[in-house]
Engineer: 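Quick one: structure below, then a few questions.
Note that this is a predicted model, so its numbers are computed, not measured. Just so it is clear: chains get the letters A, B, ... in the order the sequence lines come, proteins before strands, and each one is counted from 1. Keep in mind that the numbers below use all heavy atoms, side chains included, and drop hydrogens, waters and symmetry copies.
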Amino acid sequence: MRTLPIHPGYQRRKKIIDLIARAIFLLAGLIAAAMIVLIFVFVAGRGIQVFMPGYEGRQDLGTFLTGMRWRPDLTPPVYSVLFIIINTITTALGAAILSFPLSVLTALFIVKVAPKGLRVFFTTVVEILAAIPSVVYGVFAAGSITTLVSKLAGMFGQSTYGGSSMLAVIILLAIMIFPTITSLSIVSIASVDRNLELGSLALGASRMETNFKVILTSAKSGIFAGLILGLGRAFGEATAVTMVAGNKLFGPTFNLFDTTRTLTTTMLSGLSETSGVDYDIRFSIGVVLMVVILLTNLAIRLVKKSIGGVTNE
Amino acid sequence: MDARMTTDPMIESPQTEPQASSELDVKPETPEETKPAKQVRMPDPKLDPNSPNVFEVRDLNLYYEKFHALKNVTIDIPKNHVTAFIGPSGCGKSTLLRCFNRMNDLIDGVRIDGSITMEGQDIHSKDLDVVNLRTEVGMVFQAPNPFPMSIFDNVAYGLRCQGIRDMKKLRVVVEDSLRKAALWEEAKDHLHRNALKLSGGQQQRLCIARAIALEPKVILMDEPTSALDPIATAHIEDLIEELKKLYTIIIVTHSMNQAARISDKTAFFLLGDLVEVGDTSEVFHVPRDKRTEDYISGKFG
Amino acid sequence: MDARMTTDPMIESPQTEPQASSELDVKPETPEETKPAKQVRMPDPKLDPNSPNVFEVRDLNLYYEKFHALKNVTIDIPKNHVTAFIGPSGCGKSTLLRCFNRMNDLIDGVRIDGSITMEGQDIHSKDLDVVNLRTEVGMVFQAPNPFPMSIFDNVAYGLRCQGIRDMKKLRVVVEDSLRKAALWEEAKDHLHRNALKLSGGQQQRLCIARAIALEPKVILMDEPTSALDPIATAHIEDLIEELKKLYTIIIVTHSMNQAARISDKTAFFLLGDLVEVGDTSEVFHVPRDKRTEDYISGKFG
Amino acid sequence: MNKRRKFADDVRTVVTWLSTSISVIVLAAIFVFVFSRGWNTLSWDVLMSDYHPENMLVEFSDGTPGHFERPADLDDADVFSEKYGFALRDEIDHRKQHLMVLTYIADDSPLRDAVFAGSGPRKGDKITVMEDMQIRRFDYMSEARGRKSPAGFMGNQKTADETIERIETDGSALIGMFYQSTGGGMRGSLVATLMLIGLTLVIALPIGIAAAVYLHELAPKNKFTSVIRSFIEMLSGVPSIVFGLMGMTMLFSVTALFGITTQSILLGALTLSVILFPVIIRQTEEALIVVPDGLRMASLSLGSSHTQMIFKVILPNALPGILTATLLSISRIIGESAALIYTMGVAINDHPEIGRSGTSLAVQIWTVMTGEQPNFELASAISIVILIMVLVLNLTVKGISSRLNRKWRT
Amino acid sequence: MAVRIEFQRELQALHEQIIRMGAAVEQAIGLAVEALINLDVELAQKVIDGDDVIDEMEREIDRNCVRLIALQQPVARDLRDVTANLKLITDLERIADHATDICQAVKTLVKAPYEFSIPHDVVVLADMTRRIIKAALDSYVNRDKQQAEETIRMDRQIDKLYRQLKRYFVHQIAIDRDNVPQLVDLLLIAKHFERAGDHAQNVAEWVIYFIEGRHAIYEEEEAKNAKKTDSHR
Amino acid sequence: MAVRIEFQRELQALHEQIIRMGAAVEQAIGLAVEALINLDVELAQKVIDGDDVIDEMEREIDRNCVRLIALQQPVARDLRDVTANLKLITDLERIADHATDICQAVKTLVKAPYEFSIPHDVVVLADMTRRIIKAALDSYVNRDKQQAEETIRMDRQIDKLYRQLKRYFVHQIAIDRDNVPQLVDLLLIAKHFERAGDHAQNVAEWVIYFIEGRHAIYEEEEAKNAKKTDSHR
Ligand SMILES: Nc1ncnc2c1ncn2[C@@H]1O[C@H](COP(=O)(O)OP(=O)(O)OP(=O)(O)O)[C@@H](O)[C@H]1O
Ligand SMILES: Nc1ncnc2c1ncn2[C@@H]1O[C@H](COP(=O)(O)OP(=O)(O)OP(=O)(O)O)[C@@H](O)[C@H]1O
Ligand SMILES: [Mg+2]
Ligand SMILES: [Mg+2]
Ligand SMILES: O=P([O-])([O-])[O-]
């Protein structure tokens, strides 16, 4: 009945190829997904090792988590991270507080306010900022932010260790997470249904009223996603921060002009070691870092839910 | 009588001498009167604020950059009636609709000439505040577009933009608007639920309520039901029937059946031309123009 | 007669004793006949490969996870006729349509019971190759979706997937299919232009041509004109009228007018139930069910 | 609109203008800083030379003196040797050390014809002596003492003037010289970076793309898939320094299979591949999402198998997205530092090999910045290189994606 | 919640118009009967003058029906409703026409030079006609199938009576030469009543069509057959 | 490129059906005239039997019109087309009915015990009726407004002739006592022709409605007024 010259042999071949290809695709997916598990297994495994009995130079988990000193130079060395955690969180939050409003306003400006000619320019600025690698930020921070901070400290009658300070870290991180939050905000603001905007304008709202009342409200969830991503970057940033942190050896830092120490800078210090406690303890910090990031994400989600009121979901 | 389709090149120039424009004018010899500059800027003396028409469009031409989207359109929109715009895709229906609340201002490269007056006032004049115009001329869009806020906030939005903060007043207006939009019964227990949780038809009614809250004179609707299923569509159509007692409604629709069902007047457009306008029953029963006939009976050429 | 709407729980179980199922059956005592396991897997003896129906659906139930989307649907699809599925949004029209070429396989969590036979063969049986089924049952979607390739490649796509590479043969089939889809005249000079450059209506006809190229027995259409303007719609409707001479067509439509205009049989669904099925003129003139009546006349409840 | 509304509006507008200008200022500051510090340092030599200065002992095959004219364009500070046809200049380096730099060599100067005279396998190889070399000492045949004598810093001469005078007046022939190459270059890191890019892409792209295709086209919508999906998502939230830790433990044992016992470029590439999985998968998936669902349905309903659908319809349409993913990956590889510090080491290697440690450009910055004396000039110079590469890549991506948008709009 | 309120309202308005027209027609027939019995020329003239109003009513309803179809595009019951209306008003108008014709006849009857009396059976026929029209309209108002069937049966009584009357008049004309014009007019009047009854039957048939969606073929057929064999005998 | 081909085809089919029905009706009237002139009982019976076919045709066309409206939802010209058809077939059917009634009368006429001749004017009336029906149908087939108007004017001739005939019969009955039944039947036959002419006029009016979109009120009115003042005089 059919006139088409369809070969049954071809169809069998087609089927077999299909099966093989599917298997290969599945395998790739599995490999990619397995990585996170492997990271946990290997990093945590190595990190816990330090607290296990039988480990040479075994550390006490309680001291590690609650102490306020990091003195690998002492004998026996003292490793404790509570103050580091506190410093990490203060710097990251400080950066977020500085950066978040600016990012959102910038994003709004770029998408909705800027004259058409300037829009591309500003977008490119943000994209370039996002593309700059962190070491370059580090060089910049070590060379100029530190100078700025030490001058500022001078005005307040304070002194700094060559500008390396908590404030420098905060400013550096603020600059670094700015493009992250901004570009996500741009995406979510730009993807707000144009009909909503038209709807608002048609109700006699002015442009700016529309932007602040309707656009930002609608883009909320994307903007918060940007914040979470930015904070993640602030927590995880290592090389640049190391260049301006100053690596304080004890106690949480509350003075903006005092040096500080974050989880990542700690992990990057004392690189010459390749075995022993001093080496393995970095894995423990890695675990702590991941836990901190996880908890912060949860906290932000909670905050978002409570201040969000009406949500998009 | 209420729709002139012929191109009348005289309409823009003053047809009467300034001296004759009003019998109360006792000083025909004042220097202002004789200044030619003044004469050019004078409003058309024929415009009558008490006319039965809300809008009078005269020789409107609209260009998108080079593209001539509306050609010499002259049409009157009668008060408290439903006027439907029909025509094939791209004929300029939405474009004309957007002229009435100057939403075309938002599109770059739009050039307009000819005049549109709303109750006698030129809506393109410098004195007229666009934002105010838009509170007087509400608009409902093709896809329901409630703001991602609560139902209450959606309806109160326009009022709050006007600086009204008094909750008591807001509550009264919100209830009233929802009632008029036939949504009160369904929504009264969920006023603070997210508007996006409503069904498509309810969302569209919310959008109508939102426009009503500002007590507009006119409501523009651009294919308000094309995203809805037949039942939700029927609800909206019933609502329009109710609303026309209070408001003037202009509706663009792709569905000739819908235009037939709900409108009092129908205007048929083709490639930017207003081909025919008249009472809906006339247009659908004895259209005057062969092109209208062919279009509404679903055949072309 | 050709559509049973009542829920008949007996239909799946053999209604006649095996011994009585055929008069040619001379060995009623064979051991195979008495094995209960065999009886369960036996095809329904009533299925007739020479019946006037392409599809026979019996007591079909379909679940999306927990959601019961089709309830005991029993319907016959007659050969070389246009059968329309109508009903409010979410009633399961598209779901049933997708059953005919097993596109539901692509959706996770779908569970089906009951049987669908195509010319006597159960389309869910293990022997049946889904890929083959889909070449026999073409499908056209709501939004025109030509591949971003040339017009020619679009039409040749299905054939090439079957391993046909011979350009001469391909050219013949492409021309033939485009002719049948009433697109040849418009497209013959641009066969190697990108299909996305065509207008919406032309794209949809291209999609039909693409399906025709595989010489299907049935063409399924899921709201094929809902993205088109009235004129393009009218063209597609005319085309369907032509195609029904060659193919069996099942069409889902939101527009009752469209169902009325083009279909021979109409099936009305409500919340997963097949409420009524019958000749279109009957259904639209004297519907048997009150719910059908209310739905097609645009009122509910 | 009343006055109050208008005022509130204006305030809002000004605030957005201000906040945006801050970002421009910051970007400008970064560029001004990096370029002002690094631009003078950056030259072809810096790009192409080794980082570690190299000491060289050479001998000239024919060191007999001739007569040379002092070229007219020679600076006054340059001291010219009329017998041997070269010029020297006194300079002071950033460590305040005095050094003599070779600024000119005449074409037929004996210096042009030198062979390696140190110990080792290179002994006897021809060496091209070039300008800009730091001369530590000359060996010459002393007429006074009748034997090979040194002149320069290892003799008693402190300046170029003295040195040239010494060999011209005292010497009968030039025997050889001892000099140091300039160093402070980035060639090794550049090569290592290129190797890293190549290796990483070879590993990460196929797996990433295939995984994306699996997730988006084939995976059933069930618990298992959503777990896989969220695992991959979580991967993108892990800081790169933690990937470094993972590289050190887990992937180290993988490279050990190839007989590699130290940190290595291969280890870095493996680690980066893992870092890039989520990037590539997301980018590819984004490209897949853009492909309208209708095309898939249409393809299947025309009797194609899933594989045919993927290769004939989906992937061709996703190609620009995949290209984007590649370019973004390269940019990320160039910029990555923390993870590589752990897995490739921080020691700058002028002769990188896959199985050995080395630094990428970014890590080299880190190395020179965290040394005893942070070398801002070199760090800035490398930063300029990195910035240029990254900018070119990102702007290309931008171009591609805007082209892509246009394609789907028409 | 009912939808398409506007359409329902318009349909309702249409029904009311038809009921008004029905009432006018019923009244016209009633008045014609009265004019006949009392030989009241003035009343007869009133009916004749009123016919224009009924004609205008028909055209108005016609227009409305077509407008409703064009604008509201009804289907199923609603469409049957409108089309049945469209058809049955033709019959109503025709009944009014017959009333007019009767009144015209009355006007000439009155001019008769001789005294004469209206035969009782004519009065009975007139009354039956009035009743059948009322029954038809009632069945329409109440959408009552039984009543409509009843109406159709009533018409057979009328036909029978008319045939009797015709025979009577033929006989009478033959013997009463003086009154021939009057008798002929009376015969024609009877004929008009009979036709009016026929139209009432048609109305009832349309009512059944509206309710059932099918033409009341059986009843009609039956009636026809009965007529065919009986009439003019 | 024409669209809605299917609808155009169905509309075409509908027209053909109506033309066939028109032809049947025309033939029925023609045969009735012949049967009358020749007093041919067999022919008369044939017409009577054929009436069922015409009735069925009407119902069939009715169904098709309603189906077309329900399924194709025509507007403007197309809708006027369908509704005009819906209405005018009522008149066609009625003409056929009158033909049947004439034939019934012929059957009784034949049974007359006495010799008698058909008055020439009756034959003229019959012929005029046949012609007006033909004219009405032609105006329908050709969608010709002028012809339709001509048809309407023709009906006034028929009415006039009928009134003359009636006066003649009244006179004749008074003097020719033996032939009263026959004369009464002939009078009724004339009446039937007159009515048939009326219906033909209605058909023409529907044709005008279809072409113009308005009821041909003026002509109708004019005709009515003329009738009102003249008839039964
Ligand atoms: N922003 C714009 N820039 C350029 N041309 C435009 C723009 N908006 C509309 N047009 C053109 O103007 C013409 C009229 O557009 P409009 O949207 O008014 O049509 P429409 O009648 O509403 O069609 P539809 O039924 O598809 O909505 C179209 O040809 C369209 O291509
Ligand atoms: N993939 C799915 N998963 C879960 N539920 C689904 C899925 N697809 C459809 N449904 C549900 O099944 C029901 C029937 O869907 P279906 O798409 O068949 O409706 P429909 O009649 O075609 O409606 P429409 O006119 O809106 O296309 C709906 O209630 C829908 O929510
Ligand atoms: Mg539009
Ligand atoms: Mg569907
Ligand atoms: O009114 P009729 O002509 O049908 O008796």
Side-chain angles (χ1 to χ4, degrees), chain A residues 14-15 17-18 21-22 24-26 28-29 31-33 35-39 42-43 46 102 105-106 108-110 113 122 125-129 131-136 138-140 142-144 175 178 206 208-209 212 232 235-236 238-239 242-243 264 267-268 271 282-283 286 289-290 293, chain D residues 1 5 9 12-13 15-17 19-20 22-24 26-27 29-30 33-34 37 207 210-211 213-215 218 228 231-232 234-235 237-242 245-246 249-250 274 277 281 305-307 331 334-335 337-338 341 346 362 365-366 369 374 376 379-380 383 386-387 390-391 394 398:
Chain A
K14 185 166 141 187
K15 218 169 197 168
I17 291 173
D18 194 40
R22 278 164 183 260
I24 291 173
F25 287 127
L26 169 65
I31 290 176
M35 286 304 157
I36 187 78
V37 181
L38 293 175
I39 287 177
F42 279 85
V43 175
R46 193 89 178 250
L102 288 177
L105 289 175
T106 304
L108 187 63
F109 176 83
I110 287 174
V113 184
F122 287 116
V125 165
V126 173
E127 278 166 354
I128 292 175
L129 280 174
I132 294 176
S134 49
V135 274
V136 177
V139 172
F140 169 71
S144 66
I175 293 174
F178 171 83
S206 70
M208 272 302 171
E209 282 164 347
F212 277 80
F235 283 124
T239 38
T242 307
M243 295 184 197
T264 49
M267 288 163 82
L268 276 183
L271 273 178
R282 288 183 215 160
F283 290 87
L289 177 61
M290 308 256 295
I293 292 177
Chain D
M1 233 168 48
R5 267 179 91 187
D9 248 37
R12 288 178 178 129
T13 315
V15 166
T16 61
W17 272 96
S19 64
T20 308
I22 290 177
S23 63
V24 181
V26 168
L27 183 69
I30 293 174
F33 176 83
V34 170
R37 289 295 191 94
I207 299 181
V213 168
Y214 172 73
L215 283 179
L218 298 173
I228 288 197
F231 276 9
I232 292 173
M234 279 160 77
L235 210 53
V238 175
S240 57
I241 193 164
V242 175
L245 295 178
M246 175 209 63
T249 57
M250 181 181 103
V274 179
F277 281 160
I281 291 174
S305 69
H306 269 86
T307 309
S331 161
I334 292 172
S337 50
I341 289 172
V346 292
I365 294 179
W366 198 77
M369 284 297 291
F376 272 109
S380 299
S383 296
I386 291 184
L387 277 180
V390 164
L391 287 189
N394 277 273
K398 211 174 140 143

Engineer: I'd like to verify something: which residue of D/V390, D/V274, D/I30, D/V15 has the highest number of heavy-atom pairs under 4.5 Å with chain A?
Structural biologist: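 With the most close heavy-atom pairs to chain A, the winner is D/I30.
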Engineer: Name the region of D/L391, side chain, backbone, both or neither, that has any atom closer than 4.5 Å to a heavy atom of chain A.
Structural biologist: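 For D/L391, side-chain heavy atoms alone lie under 4.5 Å from chain A.
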Engineer: So, taking the atom named CD1 in D/I341 and the one named CG in A/L268, what distance separates them when rounded to the nearest 0.5 Å?
Structural biologist: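 It is 5.0 Å, given to the nearest 0.5 Å.
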Engineer: Can you tell if the side chain of A/L289 reaches within under 4.5 Å of the side chain of D/I241, non-hydrogen atoms only?
Structural biologist: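 A side-chain contact exists here, since the closest heavy-atom pair is under 4.5 Å.
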Engineer: If we only count heavy atoms from C-beta on, is the D/T249 to A/F283 side-chain gap below 4.5 Å?
Structural biologist: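 They are in contact (side-chain heavy atoms under 4.5 Å apart), so the answer is yes.
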Engineer: Using non-hydrogen atoms only, which part of A/I293 is less than 4.5 Å away from chain D: side chain, backbone, both, or neither?
Structural biologist: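 Side chain of A/I293 only, per the 4.5 Å heavy-atom cut-off to chain D.
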Engineer: So, taking the atom named CZ in A/F25 and the one named CG in D/L215, what distance separates them when rounded to the nearest 0.5 Å?
Structural biologist: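 Going from CZ on A/F25 over to CG on D/L215, the span is 11.5 Å.
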Engineer: Heavy atoms, side chains only, cut-off 4.5 Å: are D/S337 and A/P133 in contact?
Structural biologist: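 The answer is no; the side chains never approach within 4.5 Å.
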Engineer: Could you check if a side-chain atom of A/E127 sits within less than 4.5 angstrom of a side-chain atom of D/N394, using non-hydrogen atoms only?
Structural biologist: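 No, too far: nothing below the 4.5 Å cut-off.
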Engineer: Do A/I36 and D/I232 come within less than 4.5 Å of each other through their side chains, counting heavy atoms only?
Structural biologist: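 Counting from C-beta outward, A/I36 and D/I232 never come under 4.5 Å.
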Engineer: Is it the side chain or the backbone of A/M35 that comes within 4.5 Å of chain D heavy atoms, both, or neither?
Structural biologist: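 Its backbone and side chain both get close to chain D.
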Engineer: Below 4.5 Å, heavy-atom pairs only: which of D/V34, D/V213, D/V26 has the largest tally toward chain A?
Structural biologist: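 With the most close heavy-atom pairs to chain A, the winner is D/V213.
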Engineer: Apply salt bridge (Lys or Arg N to Asp or Glu O under 4.0 Å) to D/R37 and list each qualifying residue two or more places apart in sequence or on a separate chain.
Structural biologist: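 Residues passing salt bridge (Lys or Arg N to Asp or Glu O under 4.0 Å) with D/R37: none at all.
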Engineer: Let me confirm one number: the CG-CE distance from D/L245 to A/M267, rounded to the nearest 0.5 Å.
Structural biologist: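 CE of A/M267 is found 4.0 Å from CG of D/L245.
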Engineer: Could you tell me which portion of A/L102 (side chain, backbone, both or neither) has an atom closer than 4.5 angstrom to a non-hydrogen atom of chain D?
Structural biologist: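 For A/L102, heavy atoms of backbone and side chain both lie under 4.5 Å from chain D.
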Engineer: Which atoms of D/L218 are under 4.5 Å from chain A, going by heavy atoms: the side chain, the backbone, both sets, or neither?
Structural biologist: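 For D/L218, the contact with chain A is made by the side chain alone.
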Engineer: Where does A/L26 contact chain D at under 4.5 Å (heavy atoms): side chain, backbone, both or neither?
Structural biologist: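 When you check distances to chain D, atoms from both the backbone and side chain of A/L26 fall under 4.5 Å.
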Engineer: Do D/T20 and A/V125 have side chains that approach each other closer than 4.5 Å (heavy atoms only, starting at C-beta)?
Structural biologist: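 D/T20 does not reach A/V125 side chain to side chain.
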Engineer: Are any non-hydrogen side-chain atoms of D/I22 and A/T106 less than 4.5 angstrom apart?
Structural biologist: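 No; the side chains remain at least 4.5 Å from each other.
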Engineer: Looking at D/F277, D/F33, D/F376, which has the largest count of heavy-atom pairs under 4.5 Å with chain A?
Structural biologist: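 Of D/F277, D/F33, D/F376, D/F33 has the most heavy-atom pairs under 4.5 Å with chain A.
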Engineer: Would you mind checking which part of A/V139 comes under 4.5 Å of any heavy atom in chain D, side chain (CB onward), backbone (N, CA, C, O), both or neither?
Structural biologist: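 Interface part for A/V139: both.
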